[in-house]
Amino acid sequence: MKRLEVKDYYSADITDLEHFSPNDVNNFYLHLEFNINEVSDERSSIFSVVVATPYSLNQRKINVKTSKTKFLLLINLIGMK
């Protein structure tokens, strides 16, 4: 079995991802890119993902069922309006 690793990650929206915290956990939308490949290989492939709350997708009028983008939905059940 091949062991994969994240070589790097990036967001054009956030300069310091390690210390980032959203202003509103119920309204959050972030596009991330991950560079991933085998541990033994310095090259990498880019994988993009959008991390978002349902509210933020609704505000942007994005239909996740028809969009070609892959989404990771974050739902904050504590304090959710």
**Student:** Atom CG in Asn37, atom CG in Asp8: separation rounded to 0.5 Å?
**Tutor:** 13.5 Å

**Student:** Does the pair Lys7/Glu5 count as a salt bridge with the N-to-O cut at 4.0 Å?
**Tutor:** yes

**Student:** Drop me the distance from Ser44's OG to Phe34's CZ, to the nearest 0.5 angstrom.
**Tutor:**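 Interatomic distance, Ser44 OG to Phe34 CZ, rounded to 0.5 Å: 12.5 Å.
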
**Student:** If I take atom CD1 from residue Ile36 and atom OG from residue Ser45, how far apart are they, to the nearest 0.5 angstrom?
**Tutor:** 8.5 Å

**Student:** Roughly how far, to the nearest 0.5 Å, is the CD1 atom of Ile14 from the CG atom of Leu32?
**Tutor:**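 Between Leu32 CG and Ile14 CD1, I get 8.5 Å after rounding to 0.5 Å.
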
**Student:** With side-chain contact (heavy atoms from CB on, under 4.5 Å) as the test, would you mind laying out the steps for Tyr29 and Val51 before giving the verdict?
**Tutor:** CA-CA 6 Å; Tyr29 185 96; Val51 182; over 6 Å; no

**Student:** Go through Tyr9 and Asn35 one step at a time and tell me if the side-chain contact (heavy atoms from CB on, under 4.5 Å) criterion holds.
**Tutor:** CA-CA 6 Å; Tyr9 53 93; Asn35 296 38; over 6 Å; no

**Student:** Is atom CZ of Arg3 surrounded by more than 12 heavy atoms (other residues, nucleotides or ligands) closer than 6.0 Å?
**Tutor:**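 12 or below, so no.
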
**Student:** Give the cluster check for Tyr55 versus Leu57: same hydrophobic cluster or not, with ILVMFWY residues linked at side-chain heavy-atom distances below 4.5 Å.
**Tutor:**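 The answer is no; the residues belong to distinct hydrophobic clusters.
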
**Student:** Do Leu30 and Val49 sit in the same hydrophobic cluster, where Ile, Leu, Val, Met, Phe, Trp and Tyr count as joined when their side-chain heavy atoms come under 4.5 Å apart?
**Tutor:** yes

**Student:** Of the non-hydrogen atoms in His31 and Ser11, which two are nearest, and what is the gap between them?
**Tutor:**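 Residues His31 and Ser11, closest heavy atoms: O-OG, 3.1 Å.
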
**Student:** Are Phe20 and Phe28, when compared by the centres of their aromatic rings, separated by less than 6.0 Å?
**Tutor:**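 Here the rings of Phe28 and Phe20 have centres that are less than 6.0 Å from each other.
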
**Student:** Taking it one step at a time, do Thr53 and Asn26 satisfy side-chain contact (heavy atoms from CB on, under 4.5 Å)?
**Tutor:** CA-CA 6 Å; Thr53 61; Asn26 294 308; 5.6 Å; no

